[in-house]
Amino acid sequence: MRIQYQQPLIQPSYADRLHAPLPNFRDVMRLMWTGHYRGRVGDVDRIPVLRRGLAPVTAQDTAITWVGHATYLVRIGGAAVLTDPVWSSRIPGVPRRLTPPGVAFGELPPIDAVVISHNHYDHLDSPTVLRLPRSTPVLVPAGLGRWFRRRGFSEVVELDWWQSAEVAGLTFDFAPAQHWSRRGPRDTCRSLWGSWVISGPEHRVYHAGDTGYGPHFAAIAQRYPNIDVAMVPIGAYEPRWFMKPVHMDPEEAVQAVADLGAEHAATMHWGTFVLTREPVTEPLNRVRKAWREAGRDPERLWDLAIGESRALRS
């Protein structure tokens with residue numbers, strides 16, 4: 001397998017990439033004093049789940065399947081790509097998973113590449129990663145490659161923003177996001193964070209990872225026009241004074257899709273883990289309303305059920 005990429009910039013910290021200061025102790029105390037941190041889960045039975053397996057696709061088609069949270073199976077150009085794979089029922093610091101993975105791990109096709117947006121536990125899940133063959137190509141932000149190499153992965157590509165790699169006949173471009181990274185008490189911003197543009201022979205898709213709303217979406221559109229599907233987060237946004245720098249709300253997600261110039265929007269980052277204060281089904285209701293009020297074609301909003309797939313045909 002031939003992997004082409006540039007060596008990423010080496011630096012001890014990526015804190016200079018932050019768009020806003022990280023919360024301090026006073027912010028955290030204010031959050032605790034102003035109410036509960038986790039959203040209500042009384043309507044968890046309204047989260048749509050559709051586990052019907054994977055329909056076959058041709059090498060000319062592109063299909064995406066929402067597994068849950070930020071995990072998508074992307075089948076494009078005859079290859080299969082996993083984004084931020086999380087199959088665990090629990091992750092550190094978060095209540096048990098609300099809904100099952102949309103696809104059983106054993107039902108996955110052979111995986112040609114894995115992309116990781118950043119190292120937070122709800123996007124980089126060690127038990128899931130260790131279920132993958134160690135020969136699986138993994139594309140990660142700069143500074144995160146060592147984590148995978150120490151676990152035996154042999155094909156690890158680290159990228160800085162605007163760098164690219166070619167794997168399995170696809171081009172992977174690492175693009176900015178408005179977020180941060182930390183996995184332990186002493187590694188804040190020691191690895192980068194970002195989003196992914198995946199280009200195949202027929203289609204181009206975008207995975208936003210975890211991000212606040214910002215000018216980076218327009219910058220991505222300039223470099224990578226004709227995005228067919230943008231997978232964007234719509235949950236984990238309340239309270240806004242605390243979450244706005246790093247998590248979009250549904251209305252901002254709709255605007256981000258417009259900034260990207262994407263034909264379709266696929267929703268994610270809701271209905272799987274209770275991370276923040278909004279009720280668990282509110283993101284879905286709000287994104288549908290915002291999409292409608294923006295005058296967008298309702299057929300181009302892929303508000304998928306967990307386990308549901310949509311396809312672009314050539």
Side-chain angles (χ1 to χ4, degrees), residues 31 35-50 64-72 83-84 86 91 93-102 117-118 120-123 177-179 195 206-214 217 229-260 262 264-310:
L31 181 69
H36 61 281
Y37 186 61
R38 307 293 182 191
R40 299 188 302 273
V41 297
D43 54 352
V44 66
D45 59 335
R46 295 180 180 272
I47 300 171
V49 178
L50 187 67
I64 66 169
T65 304
W66 189 33
V67 177
H69 204 52
T71 306
Y72 267 95
T83 69
D84 290 355
V86 179
I91 55 175
V94 175
R96 180 177 291 275
R97 190 178 188 127
L98 296 175
T99 46
S117 64
H118 64 296
H120 287 162
Y121 284 94
D122 58 324
H123 293 258
Q178 189 170 301
H179 205 61
S195 56
Y206 170 76
H207 187 273
D210 216 350
T211 183
Y213 176 75
F217 293 114
V229 183
M231 292 162 271
V232 291
I234 64 169
Y237 50 79
E238 289 290 351
R240 292 310 288 146
W241 67 266
F242 190 81
M243 302 306 302
K244 186 177 178 64
V246 294
H247 284 168
M248 294 190 292
D249 64 21
E251 293 77 18
E252 290 171 327
V254 171
Q255 184 59 53
V257 175
D259 294 351
L260 289 161
H264 302 82
T267 56
M268 65 178 188
H269 209 268
W270 77 279
T272 309
F273 298 107
V274 181
L275 300 178
T276 51
R277 192 175 289 177
E278 73 274 2
V280 293
T281 58
E282 182 182 280
L284 181 61
N285 296 330
R286 282 178 56 173
V287 78
R288 288 171 172 171
K289 182 174 183 289
W291 192 265
R292 183 172 62 251
E293 291 179 347
R296 301 293 299 264
D297 182 351
E299 295 298 319
R300 296 185 183 275
L301 176 61
W302 291 2
D303 48 352
L304 304 184
I306 291 171
E308 187 178 359
S309 301
R310 296 281 179 91

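Here CD1 of Ile91 is found 10.5 Å from OH of Tyr121. Values are rounded to the nearest 0.5 Å. Interatomic distance, CZ of Arg296 versus NE2 of His264, reported as 9.5 Å (0.5 Å rounding). Atom CH2 in Trp291 sits 10.0 Å away from atom OG1 in Thr267 (nearest 0.5 Å). Interatomic distance, Thr83 OG1 to His69 NE2, rounded to the nearest 0.5 Å: 10.5 Å. Interatomic distance, CD1 of Ile64 versus CD of Glu308, reported as 9.5 Å (0.5 Å rounding). Here CG of Asp84 is found 7.0 Å from CE of Met268. Values are rounded to the nearest 0.5 Å.
One N or O on the side chain of Glu252 and one on the backbone of Asp249 form a donor-acceptor pair closer than 3.5 Å. Side-chain atoms of Thr65 never come within 3.5 Å of backbone atoms of Ser309 as a donor-acceptor pair (strictly under, hydrogens ignored). For Ser195 (side chain) and Tyr206 (main-chain N/O), no donor-acceptor pair under 3.5 Å exists by modelled atom type. One N or O on the side chain of His207 and one on the backbone of Ala70 form a donor-acceptor pair closer than 3.5 Å. Here the side chain of Gln178 pairs a donor or acceptor atom with the backbone of Pro245 at under 3.5 angstrom. A donor-acceptor pair is defined here as one N or O able to donate and one able to accept, closer than 3.5 Å; no such pair exists between the side chain of Trp302 and the backbone of Ala230. Here the side chain of Glu278 pairs a donor or acceptor atom with the backbone of Ala236 at under 3.5 angstrom.
Here the closest non-hydrogen pair linking Ile234 and Pro283 is O-CB, 3.4 Å. Nearest approach of Thr281 to Trp270, heavy atoms of both residues: CA-CZ3, 4.2 Å.
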TODO: Would you check, one step at a time, whether the test side-chain hydrogen bond (donor to acceptor under 3.5 Å, both in side chains) holds for Tyr237 with Glu282?
DONE: CA-CA 11 Å; Tyr237 50 79; Glu282 182 182 280; 2.6 Å; yes
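Residues Met248 and Pro233 meet the side-chain proximity criterion, which asks for heavy atoms closer than 4.5 Å. Using a 4.5 Å cut-off on side-chain heavy atoms (C-beta onward), Tyr213 and Val232 make no contact. Side-chain contact between Val280 and Val274 is present, with heavy atoms from C-beta onward closer than 4.5 Å. Between His123 and His179 the shortest side-chain heavy-atom distance does not fall below 4.5 Å. Looking only at side-chain heavy atoms (C-beta outward), His269 and Leu275 come within less than 4.5 Å of each other.
The neighbour count for Arg310 CZ, taken as heavy atoms of other residues, nucleotides or ligands under 6.0 Å away, is above 12.
A donor atom on one side chain and an acceptor atom on the other are not found under 3.5 Å apart for Asp210 and His120.
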